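Chain letters run A, B, ... following the sequence lines, proteins first and then strands; every chain starts at 1. As the structure is a prediction and not an experimental result, all values here were calculated from the model.
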There are 2 protein chains.
Amino acid sequence: MAVKQEPKLKRAPLYEQIANTLEEFIINEGVEEMRLPSEFELAQQYQVSRTVIREALKILKERGLVSMRVGDGLYTTRPKYALSSVMNRIVRFDHIDDAQIASVRQILEEAACLQALRHADERDFDLLETINQSMEAAKEDYDRRAALDYQFHYTLAKIGKNELLTDIIESIMDILQDYIKRRLTSYPSGNQQGIEEHALIIKTLRQRDSDKAVSLIRNHLKASYRQYKKNMR
Amino acid sequence: MAVKQEPKLKRAPLYEQIANTLEEFIINEGVEEMRLPSEFELAQQYQVSRTVIREALKILKERGLVSMRVGDGLYTTRPKYALSSVMNRIVRFDHIDDAQIASVRQILEEAACLQALRHADERDFDLLETINQSMEAAKEDYDRRAALDYQFHYTLAKIGKNELLTDIIESIMDILQDYIKRRLTSYPSGNQQGIEEHALIIKTLRQRDSDKAVSLIRNHLKASYRQYKKNMR
DNA sequence: GGAAATTTGTGCGTATGTATC
DNA sequence: AGATACATACGCACAAATTTC
């Protein structure tokens with residue numbers, strides 16, 4: 001009977017097909033904050049119900065490709081920011097400890113330091129200097145100081161001109177910070193030492209002494225990690 | 001003029017709240033392939049409609065925490081596998097080229113090699129040897145050879161006992177492979193050289209010569225990357 | 001500043017596919 | 001092997017929030 005014999009090609013659910021189609025479109029556009037058609041229009045366009053569109057959009061939201069605002073509409077976003085949350089989940093699900101995270105950070109930042117030296121000009125060093133001086137000025141404000149410290153390391157990574165490496169470093173800093181914040185019992189006291197280490201790193205970079213710079217980065221990260229470790233429960 | 005002044009505490013949509021609540025539950029359980037209550041039951045349990053539950057589940061699916069099978073039910077999964085797809089999206093959205101990916105891979109594998117030497121015993125080296133010999137035996141079968149090559153590098157990383165590092169390396173290998181496959185015009189011819197390089201790496205590891213091992217890894221990765229590069233459009 | 005139009009959020013009903021007895 | 005129960009997939013209607021004129 002029935003030689004119909006469908007090839008048993010179980011097609012993916014509609015919401016997944018739509019999600020992938022929309023993903024292709026968004027990635028090919030490659031623009032963030034671009035307005036997309038409303039759910040209703042997308043439903044008409046792809047000849048499916050709004051429910052299907054909505055489930056597809058939830059997927060894309062989690063892929064870091066769209067965001068939706070009630071009463072406003074749909075906008076594309078850069079998937080870059082999804083990286084740290086994915087890593088965070090892995091760390092928590094598999095109970096990966098902070099020592100491993102710190103170790104990965106050290107590996108990446110040492111490498112970034114080397115690459116930075118291959119691309120840096122004096123203006124890059126000036127920028128690092130400026131950030132570090134702001135940090136000095138913000139000694140009293142813990143949150144601002146932390147943000148500037150983040151910016152220092154992010155900027156150094158960025159000088160290396162490897163965007164993927166920079167993104168990964170950023171996400172590692174994020175999850176390490178999350179990990180630390182979840183366990184911090186008190187804020188570490190004003191860290192003059194860290195600022196001085198930054199200054200020495202900049203000076204060494206200007207001298208183009210890569211071995212010493214890498215070594216300084218390593219020790220700086222180890223020291224600042226120990227500093228936080230002391231304030232954990 | 002309305003001193004109401006609501007704290008502007010826009011609560012998140014239900015589907016997001018539910019997604020986060022379920023995520024907490026799943027991560028705290030920390031078990032994969034665990035069966036979850038059906039959509040209907042979850043809807044009752046949290047006193048929301050099934051629509052909300054479904055959208056939350058689409059989010060969790062994309063977070064790599066659940067999978068659903070029609071007619072069967074919901075099961076938890078490990079979020080590990082979400083990493084490479086996120087990176088893939090970043091690479092495509094920001095047009096990050098293969099040279100940068102290969103560079104990150106090199107950084108990570110060199111570091112993993114060093115960490116491997118700190119933890120390895122003879123049985124670990126034997127395992128690498130076994131994999132490499134299988135590769136030798138599968139010279140004719142391109143797909144199998146590629147899979148074994150992947151396994152060689154994955155195993156080496158795993159010996160280092162840094163789970164996060166291993167996961168990142170794996171995801172980088174994945175996206176590099178995707179990138180390559182998308183652009184490969186023909187399969188590279190049987191790569192005897194790669195197998196010999198593996199063998200030499202193992203030998204050097206057994207001698208605990210870390211500097212030389214790292215250097216060999218570096219050259220091996222550079223060579224195999226060049227090999228693929230030749231076959232790209 | 002307020003009402004209308006637009007957009008996303010939520011609830012419920014039906015269709016369809018899968019496992020199980 | 002067929003029937004049944006149960007699971008997810010899909011569609012429509014209404015509510016809530018925001019923008020716009």
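- At the heavy-atom level, B/L74 lies under 4.0 Å from the strands shown only through sugar-phosphate atoms.
- Candidate nucleotides D/dA9, D/dG11, C/dT10 were compared by shortest atom distance to the side chain of A/V52, and D/dG11 ranks first.
- We find that CD of A/E39 is positioned 11 Å from P of C/dT10, with the value rounded to whole Å.
- Atom CD of A/Q47 is separated from atom C1' of D/dC10 by 14 Å (rounded to the nearest Å).
- OP1 and OP2 of D/dC10 both lie 4.0 Å or more from every side-chain N or O belonging to A/S49.
- Residue A/R50 places no side-chain N or O under 4.0 Å from the OP1 or OP2 atom of D/dC12.
- For the residue pair B/Y150/B/D174, the side-chain donor-acceptor check at 3.5 Å is satisfied.
- When rounded to the nearest whole Å, the span between OH of B/Y75 and C1' of D/dA7 equals 10 Å.
- Across all strands shown, B/K58 has heavy atoms under 4.0 Å from sugar-phosphate atoms exclusively, and none from any base.
- Checking each of B/I172, B/I169, B/I96, B/L176 against B/V104 for a side chain to side chain contact (heavy atoms under 4.5 Å, CB included) leaves exactly one that passes, namely B/I172.
- Residues B/S103 and A/Q115 bring a donor and an acceptor atom of their side chains to less than 3.5 Å of each other.
- Toward the 5′ end of DNA chain D lies the nearest nucleotide of B/S38, the other residue of the pair B/T51 and B/S38 mapping further downstream.
- Atom CZ of B/R54 is separated from atom C1' of D/dA7 by 10 Å (rounded to the nearest Å).
- One atom, CG of B/L57, and another, P of D/dC10, lie 14 Å apart when rounded to the nearest Å.
- The closest donor-acceptor contact from the side chain of B/S84 to the backbone of B/I175 lies at 3.5 Å or more, if one exists at all.
- Annotation: of the two residues near DNA chain D, A/V48 and A/V70, the 5′-most nearest-nucleotide partner is A/V48.
- Atom P of nucleotide D/dC6 and atom CD of B/Q44 are separated by 13 Å, given to the nearest angstrom.
- B/Y15 has no side-chain polar atom (N or O) that falls below the 4.0 Å cut-off from OP1 or OP2 of C/dT10.
- The CD atom of B/E16 sits 15 Å away from the C1' atom of C/dT10 (whole-angstrom rounding).
- Using cut-offs of 30° and 60° on the angle between ring planes, the pair B/H198 and B/H153 is perpendicular.
- Contact annotation: B/R69 does not reach the phosphate of D/dA7 (side-chain N/O to OP1 or OP2, under 4.0 Å).
- When the C1' atom of D/dA9 is taken as reference, atom CD of B/E55 falls 13 Å away, rounded to whole Å.
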